[in-house]
Peer 1: 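Next up is a structure, given as structure tokens.
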Amino acid sequence: MRELFKQACKVTNSNIILAIPLIFGIKMLDLYTFFSRAHMDSNHKIILASITILFMSGVFCAAWFYMVKGAVGLSKKIFVLDADRANASLALFKTIPEGIGKYFMSFVGVYIILFLIQILSTPIVYLLGINIIGSLDEISTQQLLQLASDPAIASNTGMAAFIEQLTPAQIVFFGKWSLLFMVATSIIMYLLMLWVPEIMYNTHNPFLALLNSIGKLFKDFFNTLGIFLSLWFMGFVLLFIYTFAVINPIFYILVSIIMYYFIVYMAVLIFLYYDKKYAEGYEQ
């Protein structure tokens with residue numbers, strides 16, 4: 001397991017250009033989302049913006065994950081000169097049209113299935129929370145509605161002013177609900193961990209790939225759980241640091257770069273595990 005993490009770091013460093021389309025794709029999605037929110041004043045505009053974001057996400061994921069698979073494939077090859085390896089890594093950009101052509105519809109299906117998973121899981125988590133944690137009493141609910149509708153709090157950039165007006169019991173209550181949502185989200189993320197590699201290596205059908213990937217998770221349960229928990233812990237630490245990084249612009253930029261590097265590393269690690277475990281000898 002340790003060697004897998006080391007090799008993933010080596011592959012990431014050798015193919016750091018993967019960060020370029022990642023940053024570009026995320027920023028394009030952010031810009032369009034920001035633009036669409038400012039102009040969605042009717043139902044047909046909301047539908048059009050949602051479909052556009054769906055297709056943009058499908059294009060980005062198909063292209064980028066195909067490049068990640070290509071980078072993992074390059075790690076199996078022996079290069080005499082570092083320049084040859086660098087040129088082969090740069091050549092991954094040429095695979096973008098091929099990746100979009102092969103996997104665009106698969107990732108459109110992925111996002112539709114993710115939407116359905118969210119619809120199905122939300123009431124389950126809610127009912128679970130109501131039975132385990134409980135709900136707020138009527139007085140506390142009214143107080144929260146008043147606080148949330150307060151213009152002074154709504155205009156405050158931080159949540160500190162809102163949290164300061166909560167009672168200790170309310171803070172504990174929301175803390176329990178936050179923990180429940182975090183646990184539920186983590187479980188879903190674990191179940192989806194091998195979904196994308198399954199699509200890229202095995203089947204273009206996103207639903208069939210989801211079923212197959214979950215089965216493979218539990219076939220090698222302890223290793224996949226170890227990988228997931230390691231990535232989860234690293235991501236949690238980075239997210240915690242990122243929250244406070246906004247205080248200093250230079251520190252914010254530095255942490256942002258580390259975050260993008262971590263995303264590339266995480267994708268490479270998962271693809272590398274899948275490739276070694278289930279796709280040895282696979283030809284792209």
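Numbers here simply count residues along the sequence, with the first being 1. Computed from heavy atoms alone, side chains included, the values below leave out hydrogens, waters and symmetry copies.
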Peer 1: Step by step, would you call W177 with I132 a side chain to side chain contact (heavy atoms under 4.5 Å, CB included)?
Peer 2: CA-CA 10 Å; W177 272 97; I132 296 177; over 6 Å; no
Peer 1: Supply the atom-to-atom distance T224 OG1 to I214 CD1, rounded to the nearest 0.5 angstrom.
Peer 2: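 So the gap between those two atoms works out to 11.5 Å.
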Peer 1: Does any N or O in the side chain of N15 come within less than 3.5 Å of the main-chain N or O of L18, such that one atom is a donor and the other an acceptor?
Peer 2: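 Looks like no, no N/O pair under 3.5 Å.
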Peer 1: Decide yes or no on side chain to side chain contact (heavy atoms under 4.5 Å, CB included) for I20 and F93, but give the supporting numbers first.
Peer 2: CA-CA 10 Å; I20 297 176; F93 281 107; 4.3 Å; yes
Peer 1: What are the two closest non-hydrogen atoms of Y32 and L48, and how far apart are they?
Peer 2: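 Looking at all heavy atoms of both residues, the closest pair is OH-O, 4.5 Å.
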Peer 1: Say you draw a straight line from CG of L272 to CG of L4; how long is it, rounded to the nearest 0.5 Å?
Peer 2: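 The CG atom of L272 sits 5.0 Å away from the CG atom of L4.
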Peer 1: Rounded to the nearest 0.5 Å, what separation is found between the CD1 atom of I23 and the CE atom of M259?
Peer 2: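 Spacing of CD1 (I23) from CE (M259) equals 12.0 Å.
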Peer 1: State whether the side chain of S106 and the backbone N or O of H204 hold a donor-acceptor pair below 3.5 Å, judged by distance alone.
Peer 2: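 Confirmed, S106 side chain pairs with H204 backbone.
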Peer 1: Check for me whether the distance between the ring centres of F60 and F24 falls short of 6.0 Å.
Peer 2: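 Ring centres of F24 and F60 not closer than 6.0 Å.
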Peer 1: Could you check whether any side-chain N or O of T95 sits under 3.5 Å from a backbone N or O of L92, counting only pairs where one atom can act as donor and the other as acceptor?
Peer 2: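 A pair under 3.5 Å: yes.
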Peer 1: Looking only at heavy atoms, which two atoms of V125 and A184 are closest? And how far apart?
Peer 2: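 Residues V125 and A184, closest heavy atoms: CG2-CB, 3.7 Å.
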Peer 1: Output the distance between atom CE (M266) and atom CG (L238), rounded to the nearest 0.5 Å.
Peer 2: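 Answer rounded to 0.5 Å: 10.0 Å.
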Peer 1: List the steps and the verdict of side chain to side chain contact (heavy atoms under 4.5 Å, CB included) for I270 and V196.
Peer 2: CA-CA 9 Å; I270 294 173; V196 172; over 6 Å; no
Peer 1: With no hydrogens and no angle check, is any side-chain donor or acceptor of S14 less than 3.5 Å from a backbone partner on V11?
Peer 2: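 Absent.
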Peer 1: Identify the heavy atoms of W232 and S186 that sit nearest to each other, and give their distance.
Peer 2: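 It is NE1-OG, 2.9 Å.
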Peer 1: Please confirm whether the backbone N or O of I119 pairs with a side-chain atom of T122, one donor and one acceptor, at under 3.5 Å?
Peer 2: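 Side chain of T122 to backbone of I119: no pair is present.
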Peer 1: Might you point out which heavy atoms bring F262 and L231 nearest each other, and give the distance in Å?
Peer 2: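 Reported closest heavy-atom pair: CZ-O, 3.5 Å.
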Peer 1: Would you name the heavy atoms of I96 and M67 that are closest together and state the gap between them?
Peer 2: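 Closest pair (atom of I96, atom of M67, distance): CG1-SD, 3.7 Å.
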Peer 1: Determine whether the aromatic ring centres of residues Y201 and Y274 are separated by less than 6.0 angstrom.
Peer 2: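 Centroid distance Y274-Y201: below 6.0 Å, so yes.
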Peer 1: If you measure from CZ on F5 to OH on Y265, what distance do you get to the nearest 0.5 Å?
Peer 2: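 Reported value, rounded in 0.5 Å steps: 5.5 Å.
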Peer 1: Tell me whether the NZ or CZ atom of K216 lies within the 45° cone about the ring axis of Y278 and under 6.0 Å from its centre.
Peer 2: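 Flagged: K216 positioned over aromatic ring of Y278.
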Peer 1: Should Y273 and D220 be marked as a side chain to side chain donor-acceptor pair (under 3.5 Å) after you check the CA-CA gap, both sets of side-chain angles, and the distance that decides it?
Peer 2: CA-CA 11 Å; Y273 165 79; D220 194 23; 2.6 Å; yes
Peer 1: Between F221 and Y190, how do the two ring planes meet: parallel, tilted or perpendicular, split at 30° and 60°?
Peer 2: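 Judged by the thresholds at 30° and 60°, the geometry between F221 and Y190 is perpendicular.
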Peer 1: Where the side chain of K69 meets the backbone of M200, is there a donor-acceptor pair that is under 3.5 Å apart?
Peer 2: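 Yes; judged by distance alone, with no hydrogens or angles, the pair exists.
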